[in-house]
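What follows is one structure encoded as structure tokens, with my remarks underneath.
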Amino acid sequence: MSISRRKFLKSTAAAATVVASANPLLADEKKGVKTVSHASNVGAFYADVKDGKIVKIHPQESDKDPKYPGSEAWIDRVYSDTRIKYPCVRKSYLEAKGDVSKIAPQLRGKEEFVRVSWDEAMALILDKLKSVKPEEIYNASYGAWGHPGSLHNCSATAGRFLNTVFGGAVGMDGEHSNGAAGKVNTTIVGDLEVYSLQTAHEVILENTQVYVMWGADLFKCNQIDYKVANRGNNPYYDKYAKSDIKFITIDPQYTPIAKRFNAQWVKIRPNTDVALMLGMMHYLYTSGKYDKEFVEKYTDGLDKFLPYLLGKTEDKVAKTASWAAKITGVDEKIITALADTFVSNRTFLAGNWAMQRAQHGEQVDWTLIVLAAFIGQIGLPGGGFGFSMHYSGGGQAFSGVMLPGGLAQGKNKVRAKIPASRIGEALLNPGKKIKFKGEEIVYPKFKVLYNVGANTLGHQPNANELIKGLRTLDMVVVHEPWWTPTAKMADIVLPSTTPLERDDISYGGSYSQDYVYAMKKVVEPLFEARNDYDVFEEMAKLVGERQWRKFSGGGKSKEELLKGFYERSDCPNYMSFEEFWEKGFVHFEPSEEARKYVRHAEFRADPVANKLRTESGKIQIYSQKFAEFKLDDFKGHPMWFEPTEWLGDVEKTKAYPFHIVSPHPTYRIHSQMDNSFIRKAYKVTNREPVMINDEDAKKLGIKDGDAVEVYNERGSVIAGAVVTKNIMSGVLSLQEGAWYDPENIDDEKPRCNAGHINVLTPSFPTSTMAQATSVNTCLVAIKKVEVKPYAGIKTPVVKGA
């Protein structure tokens, strides 16, 4: 980020405002009620506790939309019937007594569990970990979306244990959220961009004339956060709706936020956005309307891109607006009119993350950046582009305060990593060589999969392939508070505490970073649940004194670690740890300077002094580095590649005529909260809803509220139909994150009764460059079905419980 934290602290305008808690409940000892301050990725709140049980939750002052139901759902989640109560071991695995030939891995997800003691469960885990090499362990503890804390971060605790005690494990390279863009953007524009500080809302409201939501739903993912949600964007949306800004949404769906902004809807076939951008660029270049001065001064490689754009390379196809219209389904006149609108007004292009989660997703951000360069407004107030206005408070002013850090994972001696989306393929193909980032890597032979707090079966594509892969392993270990689909596939399941059953600290939001929160333990751990950190510390101690000391930082207590995180930040300049813990949070007011932040302004002002971290110091329209990879499906400049599955494929659409997209849920964080009352707000036939165009539904005899089967060669799911005009014909939309629940577990590809989208999504990669997920490249068919009422999520049988 170009605004430094220290710079803000030195500014008197950025002096932090310490805010004491104003919640009267904290000072009012009501009859037998204790009120505790806590925070989570769905917001900061106070919990009322009576007789050791949570009875009510109130939003904290930092929550700009206290009506959001996510925090209240914590009561349901803590006391859910899906809680894992005791350490459990799959029956065959327990009876095998360590004999791999008898563990019956094919029964994972099918047979009952047996309750065991903590000592027995930990001994089974350690015996296996001691018998394998670190490179035979796969650490699947991905992301830490389940807990925003500094100490009990799921992936950090798992990584620290495996690294300090066993020398490491194979981990993931990249991510699901931005696996393709993350491998491209730094080379193109010197920064990931997808997580970077965005142009401030105040600047956009004052300067932007045209705001393009290019597949971006600005509302949904700003209600939650990777850290602590503040929903601080919501008041700005009120201002946007009343402003004179012209909003345009380019999307197969017309989202509620687009409707609220009265946005012009440009319907586009999924996976064809690159073609639309190229068509606009061809028109702008050949008409002389592109910003020649900007391109010459701030970009590199136009001369090597133009032959492709103008049809003077091997394909002999000029990327005209007419050419783009045939691919995208967007009328040629609309394409040229959009381009004219963009260059004649101060235009902000709000990209998104979903488009790059598709085959050839590497091309999308790259092409949008080049289009923004053709428009020439990068670095101007209210112009240019941003890829994170739809996520965790993007556009909010940044406080500039150095915040508390987190648990260090230590050194992982295993150098091997596999791309995040390739787990299923890797498990099934040990020794297979693949191209990745211009090099060749080899899939290891895994014997152990260790998973803490990550629903692997929820976020990986092609669920049936993944399940097949999971059944090749010697041991699968899962730490979880709940019987998630992944926990049901394990051999050994350890009951973790929920965040409300342990102390921690965190900050929020991801972009404003203007609060640090005390995540105080609200209630004592239920049943036999233990903190993941405590479990790992105990296992480290069982291995040996040296390993325990390395894991625990020389024997430090959790309290010492938390206080150390706090005191190694700027926070003590404004409030002592003791006062902070008593009050529940400390607030830092962003400066007026921060509210005027313009992305790339410094680069535009002086591209020499503030050159980008790229090959030329400028925006790379062409990259020699990428060209030297010599890949068939990724070149040295942005290109349109025809997807394996899309609506333009005449033959494949005969069997599977719909392109299905899988956006982020409106009411959940991925699969989180699918075991709470939130389900009642939106489920249809108690299953995940699937949106279908009203004319398409009429042709198929599908009515709103019907149970429908969505299927392809990879599998099938039952969902609840939502018939609407707000999705284009030929496209379906099924949110990701529903808990996988197979009808008949003995089938090779059992139908999912809950509507889990990844039963349908493909596991082929974006390209041999990034090897990222292509879940949004997916053709399906849909039909009405008569099915029995769905009772909902089932928990496995546990003997001895």
Side-chain angles (χ1 to χ4, degrees), residues 40-43 65 67-74 76-77 80 82 142-143 145-146 148 176-177 215-226 229 231 233-234 251-258 352-355 357 390-392 454-461 463 482 484-486 660-692 710 717-722 724 726-727 731-741 752-761 773 775-776 778 790 792-793:
S40 78
N41 45 18
V42 290
D65 189 358
K67 295 180 181 179
Y68 183 78
S71 292
E72 191 176 351
W74 270 114
D76 263 15
R77 297 176 73 193
S80 172
T82 62
Y142 170 82
W145 268 98
H176 292 274
S177 296
D217 185 333
L218 300 185
F219 185 78
K220 286 192 297 189
C221 291
N222 275 306
Q223 307 312 298
I224 52 91
D225 205 305
Y226 186 70
R231 283 173 280 283
N233 277 11
N234 291 11
D251 200 314
Q253 302 180 74
Y254 195 62
T255 61
I257 196 71
N352 73 88
W353 298 357
M355 290 191 298
R357 289 195 287 266
H390 64 301
Y391 167 71
S392 294
N455 188 9
T456 304
L457 193 49
H459 59 240
Q460 284 287 336
W482 304 282
T484 65
T486 304
I660 193 166
V661 294
S662 47
H664 188 284
T666 302
Y667 299 100
R668 299 191 308 265
I669 301 178
H670 302 306
S671 63
Q672 291 179 47
M673 296 188 284
D674 204 30
N675 60 339
S676 75
F677 75 86
I678 298 293
R679 295 172 57 88
K680 298 177 182 178
Y682 69 97
K683 295 282 185 177
V684 178
T685 70
N686 202 25
R687 300 171 173 91
E688 201 66 19
V690 58
M691 290 175 63
I692 182 171
V710 186
V717 304
I718 304 297
V722 175
T724 176
N726 294 326
I727 191 165
V731 180
L732 305 176
S733 178
L734 181 61
Q735 298 175 139
E736 53 91 7
W739 282 22
Y740 172 72
D741 191 6
C752 175
N753 220 341
H756 176 50
I757 182 65
N758 280 332
V759 170
L760 307 170
T761 54
T773 187
V775 288
N776 278 322
C778 185
Y790 178 50
I793 300 163

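All of these numbers come straight from a predicted model, not from anything done at the bench.
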Donor-acceptor contact present, side-chain [X] to main-chain [Y], <3.5 Å:
| X | Y | result |
| --- | --- | --- |
| Arg231 | Asn222 | no |
| Asp741 | Cys752 | no |
| Ser676 | Asp76 | no |
| Trp739 | Ser671 | yes |
| Tyr142 | His176 | yes |
| Arg687 | Thr685 | yes |
| Thr761 | Pro461 | no |
| Asn758 | Gln460 | yes |
| His459 | Gly737 | no |
| Lys220 | Pro665 | no |

**Report entry** Candidate pair Thr255 and Asp217, rule side-chain hydrogen bond (donor to acceptor under 3.5 Å, both in side chains), full reasoning
**Finding:** CA-CA 7 Å; Thr255 61; Asp217 185 333; 4.5 Å; no
Report task. I would like to know whether Phe219 and His390 meet ring pair (Phe, Tyr, Trp, His ring centres under 6.0 Å); could you show each step before the answer? Result -> CA-CA 7 Å; Phe219 185 78; His390 64 301; over 10 Å; no
Got [X] and [Y] here, is their nearest side-chain heavy-atom distance under 4.5 Å?
| X | Y | answer |
| --- | --- | --- |
| Val690 | Leu732 | yes |
| Ile669 | Val42 | yes |
| Asn41 | Gln672 | yes |
| Leu457 | Thr484 | no |

Please report the closest heavy-atom contact between [X] and [Y], naming both atoms and the distance.
| X | Y | answer |
| --- | --- | --- |
| Gln253 | Pro663 | NE2-CG, 4.0 Å |
| Pro69 | Phe677 | O-CZ, 4.0 Å |
| Ile757 | Gln735 | CG2-O, 4.0 Å |

Report task. May I ask you to say whether Glu72 pairs ionically with Arg77, meaning some side-chain N is under 4.0 Å from a carboxylate O? Result ->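 No, this pair does not count.
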With distance as the sole criterion, is a donor-acceptor pair present between the side chains of [X] and [Y] under 3.5 Å?
| X | Y | result |
| --- | --- | --- |
| Ser40 | Trp74 | yes |
| Thr82 | Asn675 | yes |
| Gln223 | Asn233 | no |

Query raised in the report: Rounded to the nearest 0.5 Å, what separation is found between the CG atom of Asn726 and the CE atom of Met691?
Result: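 The CG atom of Asn726 sits 6.0 Å away from the CE atom of Met691.
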Query raised in the report: Looking at CG of Leu734 and CD1 of Ile692, how far apart are the two atoms once the value is rounded to the nearest 0.5 Å?
Result: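 If I round to the nearest 0.5 Å, the distance is 12.0 Å.
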Requested in this report: Would you check, one step at a time, whether the test side chain to side chain contact (heavy atoms under 4.5 Å, CB included) holds for Asp674 with Lys683?
Outcome: CA-CA 10 Å; Asp674 204 30; Lys683 295 282 185 177; 3.0 Å; yes
Query - Residue among Asn753, Val717, Val759 satisfying side chain to side chain contact (heavy atoms under 4.5 Å, CB included) with Tyr740 - result: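 Only one option passes, and that is Val759.
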Query raised in the report: Who passes ring-ring contact (aromatic ring centres under 6.0 Å, His included) against Tyr391, sequence neighbours left out?
Result: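 Testing Tyr391 for ring-ring contact (aromatic ring centres under 6.0 Å, His included), a comparison that skips the adjacent residues, returns Trp353.
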Query - side-chain hydrogen bond (donor to acceptor under 3.5 Å, both in side chains) between His670 and Glu736, intermediate numbers included - result: CA-CA 6 Å; His670 302 306; Glu736 53 91 7; 2.7 Å; yes
Requested in this report: Report the residues that fulfil side chain to side chain contact (heavy atoms under 4.5 Å, CB included) with Pro256, sequence neighbours left out, ordered by chain and then residue number.
Outcome: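 Expected list: none.
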Report task. Would you sort out whether Tyr254 and Ile727 count as a side chain to side chain contact (heavy atoms under 4.5 Å, CB included), showing the intermediate values? Result -> CA-CA 6 Å; Tyr254 195 62; Ile727 191 165; over 6 Å; no
